[in-house]
Enquirer: 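I have a structure I would like to understand better, so I am pasting it below and will then ask my questions one at a time.
We count ligands from 1, going down the list as the structure has it; atoms in each ligand are counted the same way. This is a predicted model, so every value here is computed, not measured.
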Amino acid sequence: MNLLLHICCGPCAIFPISSLQQKGVSLSGYFYNPNIHPYKEFRRRLRTADEYSKEIGIPMFLDKNYGLIGFLRNVVNNEDNRCSYCYRDRLEKTAQKAKKEGFESFSTTLLYSKYQNHREIRSVCEELSKQYSLHFYYEDFRAGWQAAIDESRERNMYRQPYCGCIYSEQERYDKKFRKNRQKK
Ligand code: SF4
């Protein structure tokens with residue numbers, strides 16, 4: 001099976017790549033994340049993912065466009081549901097890329113994170129798999145949570161402190177903002 005793996009960042013790619021390689025899957029990575037802000041943070045995560053893929057010898061498609069404006073246009077006035085837009089946009093672009101480049105299958109490192117809506121990500125991927133006639137490879141990559149954290153530290157990789165968008169950055173650092181959101 002040849003598979004295109006959507007990669008949200010370097011540290012989250014460690015376990016999924018290692019698990020897929022152990023199963024003999026031939027894979028390439030695809031960094032497409034217009035949800036990462038601000039610009040310096042985007043560049044840093046892009047660089048980390050790029051360096052990691054080179055170190056381990058995985059071919060990687062990198063979308064280097066900073067997507068702040070497009071992302072905001074799609075979530076403004078519906079900020080509470082922004083993650084659904086964010087998942088679908090990234091996963092649909094991955095399915096389209098997989099189709100265009102002749103991959104049989106796709107998957108995503110978003111299935112590694114304990115902080116994401118795992119069920120929703122899986123369901124969007126299953127839908128896209130039918131829509132684009134592609135195989136979706138599902139695995140609960142959260143099983144490798146701690147091992148990959150340890151490895152990313154050993155490798156001195158940059159580990160981001162918040163999910164990605166400017167809203168999640170505020171939630172991470174602004175206690176009052178977080179409290180008000182929880183009350184909603
Ligand atoms: S919190 Fe994370 S998943 Fe949700 S919209 Fe922001 S970057 Fe995307």
Side-chain angles (χ1 to χ4, degrees), residues 4-17 29-50 52 60-98 106-129 136-142 144-145 148-149 152 157-184:
L4 186 65
L5 180 67
H6 166 253
I7 289 183
C8 61
C9 65
C12 288
I14 293 175
F15 182 75
I17 290 177
Y30 180 39
F31 185 96
Y32 168 73
N33 300 292
N35 58 309
I36 301 172
H37 322 133
Y39 182 69
K40 279 186 176 171
E41 177 72 17
F42 173 73
R43 296 296 307 177
R44 200 169 183 190
R45 294 192 200 183
L46 173 73
R47 193 172 60 242
T48 305
D50 186 26
Y52 178 60
M60 178 90 133
F61 298 96
L62 293 169
D63 188 330
K64 297 182 180 175
N65 296 309
Y66 178 53
L68 175 70
I69 293 173
F71 180 88
L72 291 183
R73 284 185 180 152
N74 279 285
V75 302
V76 164
N77 292 328
N78 194 17
E79 288 85 355
D80 287 347
N81 292 319
R82 68 184 188 274
C83 298
S84 295
Y85 164 76
C86 183
Y87 295 149
R88 183 167 289 274
D89 175 52
R90 289 187 284 167
L91 296 168
E92 182 148 24
K93 283 283 186 327
T94 305
Q96 288 169 347
K97 185 83 176 163
F106 73 105
S107 193
T108 175
T109 58
L110 292 170
L111 294 168
Y112 162 79
S113 175
K114 287 188 173 177
Y115 299 118
Q116 304 296 342
N117 186 333
H118 195 91
R119 192 182 293 186
E120 183 174 346
I121 292 162
R122 183 177 185 178
S123 147
V124 171
C125 286
E126 282 166 355
E127 207 184 292
L128 290 168
S129 126
F136 160 56
Y137 176 86
Y138 173 75
E139 182 177 332
D140 189 347
F141 294 127
R142 293 173 296 187
W145 180 252
I149 291 174
S152 67
M157 274 170 123
Y158 169 61
R159 297 182 46 78
Q160 61 268 17
Y162 61 94
C163 188
C165 62
I166 48 170
Y167 307 102
S168 63
E169 193 250 11
Q170 186 176 4
E171 276 166 15
R172 169 72 176 77
Y173 295 112
D174 182 346
K175 279 188 196 147
K176 203 168 152 199
F177 177 80
R178 203 162 53 225
K179 231 177 178 173
N180 288 339
R181 278 209 77 200
Q182 280 161 358
K183 278 189 206 152
K184 276 189 186 175

Enquirer: Quick one: OG on S84 to CD1 on I121, what's the gap to the nearest 0.5 Å?
Expert: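 Reported value, rounded in 0.5 Å steps: 10.0 Å.
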Enquirer: Could a heavy atom of E171 be found less than 4.0 Å from some atom of ligand 1?
Expert: no
Enquirer: Do E41 and R172 meet the salt-bridge criterion of a basic N to acidic O distance under 4.0 Å?
Expert: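 Not counted as a salt bridge, because no side-chain N and carboxylate O are separated by less than 4.0 Å.
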Enquirer: Testing F71, Y32, F42 one by one against Y66 for a ring-ring contact (aromatic ring centres under 6.0 Å, His included), which residue passes?
Expert: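 Of all the options given, the one that passes is F42.
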Enquirer: Excluding sequence neighbours, so at least two apart, what forms salt bridge (charged side-chain N to carboxylate O under 4.0 Å, His left out) with R159?
Expert: none
Enquirer: Short of 2.8 Å from atom 6 (Fe) of ligand 1, name each protein N/O/S atom, waters not counted.
Expert: C165 SG
Enquirer: Under 4.5 Å between any side-chain heavy atoms of Y138 and L111, yes or no?
Expert: yes
Enquirer: Do the side chains of Y52 and I14 get nearer than 4.5 Å, heavy atoms only?
Expert: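 Yes, at least one pair of side-chain atoms sits under 4.5 Å.
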Enquirer: So which heavy atom on K64 is nearest to which on R43, and how close?
Expert: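 Closest pair (atom of K64, atom of R43, distance): O-NH1, 4.1 Å.
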Enquirer: For atom 3 (S) of ligand 1, which protein heavy atom lies nearest, and how many Å away is it?
Expert: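 Looking at atom 3 (S) of ligand 1, the protein heavy atom closest to it is Q116 OE1, 3.6 Å.
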